[in-house]
Structures are given as C-alpha cells and as structure tokens.
Engineer: 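Here it is, the structure, as structure tokens.
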Number of protein chains: 2
Amino acid sequence: MTIKKANYKPLTKAEEDIMQILWKLGKAFIKDIVDEMPEPKPHYNTVSTNIKILADKEIVGFESFGKANRYYPLVLKDDYSRKTMKQFVGKYFGGSYSELFSFFAKDKDISITELEKILSDLKNENSKK
Amino acid sequence: MTIKKANYKPLTKAEEDIMQILWKLGKAFIKDIVDEMPEPKPHYNTVSTNIKILADKEIVGFESFGKANRYYPLVLKDDYSRKTMKQFVGKYFGGSYSELFSFFAKDKDISITELEKILSDLKNENSKK
DNA sequence: GTTTTAATACTAATTAATTAGTAGTTTTAC
DNA sequence: GTAAAACTACTAATTAATTAGTATTAAAAC
C-alpha cells in the first residue's frame, strides 16, 4: 500500500499561474488554460511543458480524450493555501494565527468595526449549523 | 527629489533566509548571519554575494567599520509581510480578509472566542490612548 | 483517403537564482 | 614591519526555472 506523502513544496510562479486557472475551471485542456491566461499569453508549448511537470509531481491529473488531455487539480486550492499560510505564519508571526489576526487588526487597511462584523458573521454561520 | 518606489517584489528563498536573520538581529556582519544560519551553513561568500544583491536592490543598508560592513534592513518585516499577505489574500481569498479569517476560523487551530478576545484587547488598548 | 489542423513528447536554449572560488586589500597579531 | 587572518569584490560555474522549437501522431475536414 502506498500512502500519498503530503510533502509540501511551494509551486513555482509558472506552476502557480496554471494552478490558479485549473482551480478556477475545475478541469481544462491546455488550450483552455492558455485562453484564461492574461496577456502576454505564454506559448501553448510552454503551458504544455509546465503542466507535464505538474502531472509528474502528481499535482494535477488528467483524462485522455483521443489525443488531447483534460487536466484537473489533484491538490486542492484549500489545502495548498492552508499549507502556504502555515509556512508564512510560521516565518512571519511565530506560528501564531492570533498574531496574524492582531497584526491586521492594528493595520489601517482593515478597521476594528470591520473585524467585528466578520466575527459576528462567522458566529452566525456557525450557529446555523 | 527622489521618492522611494515601493515596488513589491517577492524575495527569493536565499534572500529571504538572510532577511529573516537580519530582521531578528537588527544589524549584523556577514559572519553573524552565517552563525545564525541552520546547518548546513552556506559559504561565507554565498551570503556575501546575496547580501550584496539585497543592498543593490536597497532592501538592506550598511555601515562600514573599517573594511567590514554591518548590514541592517531597509525594508521592515512588517511591511514585507503585509505586502506578501496582500498578494496572497488576493490570489487565494479573492482579496477579502474576511474570507481569510473565516477560512482559519473554520480550522480547528483558532477559535472565534480567541479572535474576539484579541479584538476586545485591542479596543481597550486603543481607548487608553 | 488525403490534407489540414491540433495535440503532445521530446529536446534544447535561455534566463534566473544560487553557490562558491580567486585575487586583492585591510586589519590584527606578533 | 611582517605574517596571518578576515573581509569584500569580482568572477565564474552550477542548478533551477522558464520558454519555446521540432518531430510526430491523432483527429478533423474535406
């Protein structure tokens, strides 16, 4: 039996750009991915090479339709962002999410009122369950 | 008059490792940085090259003591982490901090009660001023 | 069924990032 | 003052990441 090792390795920029689109579309042919890319769009083969790398790393899977492959994420966006955040919070907030929260609470960008709103929304959401 | 353009560019891994130490120490000679590095420690000259790159990019400054330079951060950790978070939240939470917090609130790691405590502490702190 | 189109695999070239060697200079130790 | 040590600048080599060309084959169009 083979257990999938959850060894987190950050995506490179090119890989992440592709994954963002794949997470959005759910499944896509290379052509679809290129279409979703902002200008200047990369060459079809560039995306093809990179998605092959992602497939080799088992970050995406694919189904073949004739000659063409339709790709889909094997790593979920939530899982990836959770792990990325964890790394980040570890490095920048001593591993404490509370510190992260209070950092933003102190920030001008986001007001206390706003945070209170978020919290009360959250409480409502939870109590509904 | 020259205005410092705050053009955020993520640090590379090697650069970030150095900055983490510099943010921790406040100011340091290359030797000190190497000392702080975990095993396997990089070569002195590797750090020297990388910190020169950081100096060229005006991410660190330095004072000369004879032949040796003592380096210090020009970019503050808070600023860097704020910008990194902003990028991240943009990409993974549609730019909404509320979504970020609710994401973590759903996680077992951090409870709403905990967040409320932080917020009320903050309000107290503010009203004291 | 032949031609055109679309797709991937494979390969190779380029650029970015990382590492560390060599040379030369200042400082320190004696 | 001379030798050794410490330090940086400059250079070069290596590795990682990115890009895209060429060859080939399957599918689609006719």
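Proteins come first, then strands; the chains are lettered A, B, ... in the order of their sequence lines, and each starts at number 1. As the structure is a computational prediction, the values presented were derived from the model and not from experiment.
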Engineer: Measure CG/A:Leu11 against P/D:dT18 and give the value in whole Å, please.
Structural biologist: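 For the pair A:Leu11 CG and D:dT18 P, the rounded distance is 10 Å.
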
Engineer: Is there a donor-acceptor contact under 3.5 Å from the side chain of A:Gln87 to the main chain of A:Thr84?
Structural biologist: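 No.
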
Engineer: Send over the distance from A:Ile51 CD1 to C:dA9 C1', rounded to a whole Å.
Structural biologist: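 After rounding, the gap between these two atoms is 15 Å.
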
Engineer: What residues form a side chain to side chain contact (heavy atoms under 4.5 Å, CB included) with A:Lys77, not counting sequence neighbours?
Structural biologist: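 A:Lys77 satisfies side chain to side chain contact (heavy atoms under 4.5 Å, CB included) with A:Gln20, A:Trp23, B:Tyr92 once adjacent residues are dropped.
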
Engineer: Classify A:Thr12 by what it touches in the nucleic acid, base, sugar-phosphate, or nothing, heavy-atom distance under 4.0 Å.
Structural biologist: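 Sugar-phosphate: the residue A:Thr12, judged by heavy atoms under 4.0 Å, touches backbone atoms but no base.
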
Engineer: Using 4.0 Å as the upper bound for N to carboxylate O, is an ion pair formed by A:Lys13 and A:Asp17?
Structural biologist: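 Yes, charged N to carboxylate O under 4.0 Å.
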
Engineer: How many Å lie between CG on B:Asp56 and P on D:dC10, as a whole number?
Structural biologist: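 Whole-Å distance recorded here is 10 Å.
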
Engineer: Could you run down the sub-3.5 Å N/O contacts of the protein with nucleotides 4-9 of chain D?
Structural biologist:
residue	atom	partner	partner atom	Å
D:dC7	O2	B:Lys67	NZ	3.3
D:dT8	OP1	B:Asn69	N	3.2
D:dT8	OP2	B:Tyr44	OH	2.2
D:dA9	N6	B:Asn45	ND2	3.4

Engineer: Can you list, in residue-number order, the parts of residues 13-26 of chain A that come under 4.0 Å of DNA chain D, counting heavy atoms only?
Structural biologist: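 Contacts with DNA chain D under 4.0 Å: A:Lys13, A:Ala14.
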
Engineer: Got a sec, which residues hit salt bridge (charged side-chain N to carboxylate O under 4.0 Å, His left out) with A:Lys91, two or more places apart in sequence or on another chain?
Structural biologist: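 With sequence neighbours excluded, A:Lys91 shows a salt bridge (charged side-chain N to carboxylate O under 4.0 Å, His left out) to B:Glu16, given in chain and number order.
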
Engineer: In Å and rounded to the nearest 0.5 Å, what is the OH to CD distance from A:Tyr72 to A:Glu63?
Structural biologist: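 Atom-to-atom, A:Tyr72:OH and A:Glu63:CD are 6.0 Å apart.
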
Engineer: Round to the nearest Å and state the distance from A:Phe65 atom CZ to D:dA28 atom P.
Structural biologist: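 Going from A:Phe65 (CZ) to D:dA28 (P), I get 13 Å.
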
Engineer: Please table the atom pairs, donor to acceptor, closer than 3.5 Å between any side-chain atom in residues 48-56 of chain B and protein atoms at least two apart or in another chain.
Structural biologist:
residue	atom	partner	partner atom	Å
B:Thr49	OG1	B:Asn45	O	2.8

Engineer: Please check the phosphate of C:dT18 (OP1 and OP2 only) for any side-chain N or O of B:Thr46 closer than 4.0 Å.
Structural biologist: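 B:Thr46 to C:dT18 OP1/OP2: no side-chain N or O under 4.0 Å.
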
Engineer: What do the steps show when you test A:Lys31 against A:Val34 for side-chain contact (heavy atoms from CB on, under 4.5 Å), and what is the final call?
Structural biologist: CA-CA 5 Å; A:Lys31 187 164 53 62; A:Val34 175; 5.9 Å; no

Engineer: Write down the distance between CD (A:Glu63) and C1' (C:dA7), rounded to a whole number of angstrom.
Structural biologist: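 The distance from CD of A:Glu63 to C1' of C:dA7 comes to 17 Å, rounded to the nearest Å.
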
Engineer: Measure the distance from CG on B:Leu54 to P on C:dT18 and round it to the nearest whole Å.
Structural biologist: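 To the nearest whole Å, that distance equals 10 Å.
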
Engineer: For the pair made of CE in A:Met37 and C1' in D:dT18, what is the distance, rounded to whole Å?
Structural biologist: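 Nearest whole value for this atom pair: 12 Å.
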
Engineer: Can you confirm whether or not the ring centre of B:Phe88 sits under 6.0 Å from the ring centre of A:Phe88?
Structural biologist: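 No, too far apart.
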
Engineer: Of all residues at least two apart in sequence or in a different chain, which pass the ring-ring contact (aromatic ring centres under 6.0 Å, His included) check with A:Tyr44?
Structural biologist: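 By the ring-ring contact (aromatic ring centres under 6.0 Å, His included) rule, A:Tyr44 matches no residue at all.
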
Engineer: Whole angstroms only, please: what is the NZ-C1' distance between B:Lys57 and C:dT18?
Structural biologist: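 It is 12 Å, rounded to the nearest whole Å.
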
